[in-house]
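Because only heavy atoms are used, hydrogens play no part in the values below, and waters and symmetry mates are left out as well, while side chains stay in. Note that the structure is predicted; figures quoted are calculated from it, not measured.
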Number of protein chains: 2
Amino acid sequence: MTSKTSKSVGFEQHDHDVCLEKAIKAAEAYCDRFKLQFTPLRRKVLEILLEEHRALGAYAILDLLRESGLGSQPPVAYRALSFLVEHGFAHKIERLNAFVACALPDILHSPAFMICRKCETVVEAQSSSSSFDLSGTASATGFKIEQTTLEAKGVCHSCAEMA
Amino acid sequence: MTSKTSKSVGFEQHDHDVCLEKAIKAAEAYCDRFKLQFTPLRRKVLEILLEEHRALGAYAILDLLRESGLGSQPPVAYRALSFLVEHGFAHKIERLNAFVACALPDILHSPAFMICRKCETVVEAQSSSSSFDLSGTASATGFKIEQTTLEAKGVCHSCAEMA
DNA sequence: TCTTGTAATGTTATAATATATCATTCATAT
DNA sequence: ATATGAATGATATATTATAACATTACAAGA
Ligand SMILES: [Zn+2]
Ligand SMILES: [Zn+2]
Ligand SMILES: [Zn+2]
Ligand SMILES: [Zn+2]
């Protein structure tokens, strides 16, 4: 059985070079279109995240940045990360306080993740913003869900009325 | 329209005394049944969380504990919180690095939350572990979803095979 | 060209969240 | 009463994240 709202990218083998290049190209195109600056720093952080389908903490990223001489203090990493997250090139995994490159860069989506607690692989599944069915993706890939986190941020009725 | 997988508790008015007492009683009963120690400290932390349907950070909780002379160092709060979370009496809101009392203490559930960014109210919706539909609860309560976080932790196919 | 505004980056300091470790006390069962 | 494990106390430190201010890069308008 497969879901109509979820489609996985990960766990199974795939051509990661294509994956990586597609993401960079998508970011370039998007920044070009919206006059955003895809600076060397931001590009490098995205490249670091794209290396693997794993989540990296800000300080791990910072270490790698330092190695390539592109910045060494926390705000440098956090700023680049918030740019990438803000524009959808990367996502924050709240459970891990860590970041992953978006695996679906050319698709408008609300991200959903399956996180293996053993190998730490993070698979991004496609979904709509308020309806989720991970069970399809999970069973299709053989992922065994143990625990889920679902948190919707927004504005409640009474707060909306005030404005 | 209402969802078959989600039912809200919150935002709208409700008898909070009942809410509070029900949660304490449920915790007592559960601990009794499973021979868990519902110590004064753990009870106090749950009471603190039950005061309001808002998420409290560990250090805010710690301040309140200190006031009642029940502990003053971080591990005290974190231990009580992990006990409460482990047994389902409370949940961690990952997006906020904060904790809420469970609003559905007598129902087996995988928690889902709607968080108002203005008043910081946290509403818990009932859901199954791998399929969610917050849109029903959201529209029923007038909550406007802006962003969602969906993260499933588990074990991937290849890691499961190794074991 | 010059200036001036804005975005990005550099730098220092510190805040906020969370855990490791070891000592002590308490509950419970033999 | 005594041995056992669970819970708490206490100290130190790790990890994650941001505030605040200085500097540089770059482009639009004078
Ligand atoms: Zn994505
Ligand atoms: Zn795995
Ligand atoms: Zn709950
Ligand atoms: Zn509100």
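Note: B/F113 and B/H91 meet the aromatic proximity criterion, with ring centroids under 6.0 Å apart.
OP1 and OP2 of D/dA10 both lie 4.0 Å or more from every side-chain N or O belonging to B/S72. Applying the 4.0 Å criterion to OP1 and OP2 of D/dT15, one finds that A/N97 has every side-chain N and O outside that range. Considering only side-chain N and O atoms, B/R42 lies under 4.0 angstrom from the phosphate OP1 or OP2 of D/dA7. Between B/Q37 and D/dA7, a side-chain N or O to OP1/OP2 separation shorter than 4.0 Å is present.
Once the 5.5 Å centre distance and the 30° plane angle are applied, the aromatic ring of A/Y59 is found stacked with the base of D/dT16.
As a whole-Å value, the separation of A/E86 CD from C/dA7 P is 12 Å. Note: CD (B/Q73) to C1' (D/dA7) measures 16 Å, nearest angstrom. Residue B/F83 contributes atom CZ, which lies 7 Å from atom P of D/dA7 at whole-angstrom precision. With rounding to whole Å, A/L62 atom CG is found 13 Å from D/dT15 atom C1'. The interatomic distance linking A/R79 (CZ) with D/dA19 (C1') rounds to 10 Å, in whole Å. Per the geometry, CG belonging to B/D32 stands 15 Å off C1' belonging to C/dA27, to the nearest Å. Put simply, CZ on B/R95 is 19 Å from P on D/dT16, counting in whole angstrom units. One interatomic measurement links the two molecules: CG of B/L56 to C1' of C/dA16, which rounds to 15 Å at whole-angstrom precision.
Listed nucleotides: D/dG9, D/dT18, C/dA8. Nearest to the side chain of A/P74: D/dT18. Comparing C/dT21, C/dA18, C/dT9 against the side chain of A/L41 picks out C/dT9 as the nearest.
Nearest-nucleotide positions on DNA chain C for B/K35 and A/A80 put A/A80 closer to the 5' end. In terms of position on DNA chain D, the residue among A/L96 and B/L70 whose nearest nucleotide sits closer to the 5' end is B/L70.
Other residues, nucleotides and ligands contribute only 12 or fewer heavy atoms inside 6.0 Å of the CD atom of A/E21. More than 12 heavy atoms of other residues, nucleotides or ligands shown are found within 6.0 angstrom of CD on A/E28.
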Practice item. Apply the test side chain to side chain contact (heavy atoms under 4.5 Å, CB included) to residues B/V45 and B/L70: give CA-CA distance (whole Å), side-chain angles for both, the deciding distance (0.1 Å), then the verdict. Key: CA-CA 10 Å; B/V45 172; B/L70 271 167; over 6 Å; no
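Within 3.5 Å, no donor on the side chain of A/Y78 pairs with an acceptor on the base of D/dA19, nor the reverse.
Residue contacts shown for A/K92 are limited to sugar-phosphate atoms, with no base heavy atom under 4.0 Å away.
Inspection of the B/Q147 and B/R117 side chains reveals no N or O donor paired with an N or O acceptor under 3.5 Å.
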